[in-house]
**Q** 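Take a look at the following structure, please.
The figures here come from the full heavy-atom set of this structure, side chains too, leaving out hydrogens, waters and symmetry mates. Throughout, a chain's letter reflects where its sequence line sits, starting with A, and its residues are numbered from 1.
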2 protein chains.
Amino acid sequence: MDKIPERTKSETKTAAILKGAMKEFLKNGYAATSMDKVAKSAGVSKATVYSHFGDKEKLFNALIQDLVKDKFQTVMGLEQPQSLEQDPKIVLSAIMSKMLDNAQSDRSFRDFMRIIIGESGRFPELAKAYVANVAKPTIEILTKYLKSHPTLKLEDPEATVRVMMGTMVYFVMLQEMMHGKDVVPLEGDRVIQTLTDLISRN
Amino acid sequence: MDKIPERTKSETKTAAILKGAMKEFLKNGYAATSMDKVAKSAGVSKATVYSHFGDKEKLFNALIQDLVKDKFQTVMGLEQPQSLEQDPKIVLSAIMSKMLDNAQSDRSFRDFMRIIIGESGRFPELAKAYVANVAKPTIEILTKYLKSHPTLKLEDPEATVRVMMGTMVYFVMLQEMMHGKDVVPLEGDRVIQTLTDLISRN
DNA sequence: GTCTATACATCGATAGAC
DNA sequence: GTCTATCGATGTATAGAC
């Protein structure tokens, strides 16, 4: 019996559809992406897309949940226990530099953030999934670090983490996503430096 | 001659169309909003919408530019010369509390931010208009205050303003727009307090 | 399971009467 | 200027052959 090849074949199509859906949804958004575009981009017929995912909304949900899972893996991969002996200035600015590099080099990451925010009104469950599986773990990892470090005596580590993340997210959003680079130029290093100094009190 | 009544009538229709367009575009986004919806919501025929604005893209551009102009007025209204004698802690936390209240009470403001970000890939000029006419003036007003205050000795006021705005924007975005209130609850006052302490160094 | 062909609704945009 | 009626294109979704 060739049940295994059949299943493998099917999973290959599923993956191809998700790949095509990712390309199109991230590029055009939900409403402007047609199932024809997805099918074409995936190299399958439209009927195959429907037989695998039911309808457009289910496909979109499946794709975003997939991407959220992917970002979760990325976040968890960064939880190498931060050395508590190192100067927090160095550790913090290294973390934020990495965040910045990622966001600036990965165009599909910015498209992903755009769609999560842009569709958060019509797809609240997807935004919640992002918060629960990406933002929350990131916040917790950073909070744990700020709390456990011996020389950092912060009054409110949880709130301080929001300051850190907000600063970085807003910077990327304004400069890169909203094309503010030319209108309100600013060096990312200055923001990181300022934030680090504020938190570790020079 | 009744030229004036005619023009008035025409301007009334234009305003009605923009009002209907605002309601529909903010609710559904660009692609999911049909010209039929706009016409119905405005109480006019579809042909009238086209005769006033040419096509869908021009209507969307006109509407967003209108809203940007409106937010610009709001920002400029807040430029009452901040007293330099008052404790910056009080001034800063008052400013941020006001920002927070606005964002939390005004639902259409959050819809506006959502659409600016969500469409910033396909309508970069609109995002740029927002940055130039809303974000930039806000940044400049706050920078001017931080620079001119006698007891605040900040190394980099421009970058510090980004920290402030990023913190507030990210907080509203995560808690309200992305429905994080239940998943990652946090009191807004704690964030404001923390930020104020960091900047004015307790 | 996957395809082609197609049903049926809705889209953006316009013609023509008034 | 504003309307009704309608065009052709395109949308989601499915039927039926293989």
**Q** Could you list the residues that satisfy side chain to side chain contact (heavy atoms under 4.5 Å, CB included) with B:I95, not counting sequence neighbours?
**A**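 With sequence neighbours excluded, B:I95 shows a side chain to side chain contact (heavy atoms under 4.5 Å, CB included) to B:Q82, B:V91, B:L142, given in chain and number order.
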**Q** Could you tell me the separation between the NZ atom of A:K58 and the C1' atom of D:dT12, rounded to a whole number of Å?
**A** 13 Å
**Q** What's the NZ-P distance between A:K40 and D:dT10, to the nearest Å?
**A** 11 Å
**Q** Taking distance alone, no hydrogens or angles, what donor-acceptor pairs closer than 3.5 Å link side-chain atoms of residues 19-28 of chain A to residues at least two apart or in another chain?
**A**
{"residue": "A:E24", "atom": "OE1", "partner": "A:N28", "partner atom": "ND2", "Å": "3.1"}
{"residue": "A:N28", "atom": "ND2", "partner": "A:E24", "partner atom": "O", "Å": "3.1"}

**Q** Please give, in whole Å, the distance from D:dT10 P to A:K37 NZ?
**A**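 It works out to 11 Å between those atoms.
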**Q** Using the side chain to side chain contact (heavy atoms under 4.5 Å, CB included) criterion, which residues pair with A:I90? Sequence neighbours excluded.
**A** A:Q86, A:D87
**Q** Grab the NZ-C1' distance between A:K56 and D:dG11 for me, whole Å please.
**A**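 Those two atoms, NZ and C1', are 8 Å apart.
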**Q** Rounding to a whole Å, what distance do you find between B:M35:CE and C:dT14:P?
**A**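 The distance from CE of B:M35 to P of C:dT14 comes to 10 Å, rounded to the nearest Å.
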**Q** Identify whether any heavy atom of A:D36 sits under 4.0 Å from a base atom; if not, whether one sits that close to sugar-phosphate; answer base, sugar-phosphate or nothing.
**A** base
**Q** Measure CG/A:L59 against C1'/D:dA13 and give the value in whole Å, please.
**A**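 So the CG-C1' distance, A:L59 to D:dA13, works out to 14 Å.
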**Q** Nearest whole angstrom, please: distance from the P of D:dT10 to the CG of A:N28.
**A** 15 Å
**Q** Grab the N/O contacts between the protein and nucleotides 3-5 of chain C below 3.5 Å, and write none if there aren't any.
**A**
{"residue": "C:dC3", "atom": "OP2", "partner": "A:S45", "partner atom": "N", "Å": "2.9"}
{"residue": "C:dC3", "atom": "OP2", "partner": "A:S45", "partner atom": "OG", "Å": "3.1"}
{"residue": "C:dC3", "atom": "OP2", "partner": "A:T48", "partner atom": "OG1", "Å": "2.4"}

**Q** Write out all pairs satisfying salt bridge (Lys or Arg N to Asp or Glu O under 4.0 Å) with one or both partners inside residues 168-186 of chain A, taking only residues at least two apart or from two chains.
**A**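 The answer is A:E176-A:K181.
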**Q** Applying salt bridge (Lys or Arg N to Asp or Glu O under 4.0 Å) as the test, list every pair that has at least one member in residues 60-71 of chain A; sequence neighbours left out.
**A** none
**Q** May I ask you to evaluate whether A:Y50 reaches the phosphate of D:dA13, defined as a side-chain N or O under 4.0 Å from OP1 or OP2?
**A**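 Indeed, a polar side-chain atom of A:Y50 lies that close.
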**Q** Taking the side chain from B:T48 and the backbone from B:V44, do they hold a donor-acceptor pair closer than 3.5 Å?
**A**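 Pair absent, no side-chain N/O of B:T48 close to backbone of B:V44.
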**Q** In whole angstrom, what separates A:H52's NE2 from D:dA13's P?
**A**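 The distance from NE2 of A:H52 to P of D:dA13 comes to 17 Å, rounded to the nearest Å.
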